[in-house]
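See structure below.
Remember, it's a predicted structure, so these values are computed and weren't measured experimentally.
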Amino acid sequence: DVEDGKFKPDDGDEDVVGVIDAIYEYDGEKGIVNAIIDYKTGNFNPKYRKDSEFELYVYVIIAEKNLGIPIDYIGMKII
């Protein structure tokens, strides 16, 4: 479900909410692959890297369960 630009899983877990910055689809060597990229702005503090990685895994769950998009790769870009 989409509510106010945020995706929520349909499995009843209302606490899992996120806004996915970007999902890229491209033709890889073995066919179409999808990647989620999370853009971080400002000064990134490495102390919070694990939190950011967890956030990416939540985005994978949201993309696969709610959007039906299988995710092959995840990444983070500091801008």
Within the side chain of D72, is there an N or O that forms a donor-acceptor pair under 3.5 Å with the backbone of N34?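 Side chain of D72 to backbone of N34, a donor-acceptor pair under 3.5 Å: yes, one is there.
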
Honestly curious: do [X] and [Y] fall in one hydrophobic cluster under the side-chain, below-4.5 Å linking rule?
X	Y	result
I74	V58	yes
I79	M76	no
I20	I37	no

Closest contact, heavy atoms only, [X] versus [Y]:
X	Y	value
A63	I36	CB-CD1, 4.0 Å
G75	L56	O-CD2, 3.6 Å
G42	I78	O-CG2, 4.1 Å

Interatomic distance, I23 atom CD1 to I71 atom CD1 [nearest 0.5 angstrom]: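 Spacing of CD1 (I23) from CD1 (I71) equals 4.5 Å.
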
Starting at CG of D21, measure out to NZ of K40 and round the result to the nearest 0.5 Å.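 Interatomic distance, D21 CG to K40 NZ, rounded to 0.5 Å: 7.5 Å.
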
State whether the number of non-hydrogen atoms from other residues, nucleotides or ligands found under 6.0 Å of Y73 atom OH is greater than 12.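 Not more than 12 within 6.0 Å, no.
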
Counting only heavy atoms not in Y26 (residues, nucleotides, ligands), do more than 12 fall under 6.0 Å from its OH?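 Count over threshold, so yes.
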
Just checking, is any N or O donor in the side chain of E55 or Y59 under 3.5 Å from an acceptor N or O on the other one?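 Yes - a donor-acceptor pair under 3.5 Å links their side chains.
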
Parallel, tilted or perpendicular: ring planes of Y24 versus Y39, cut at 30 and 60 degrees: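 Plane angle over 60°, so perpendicular.
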
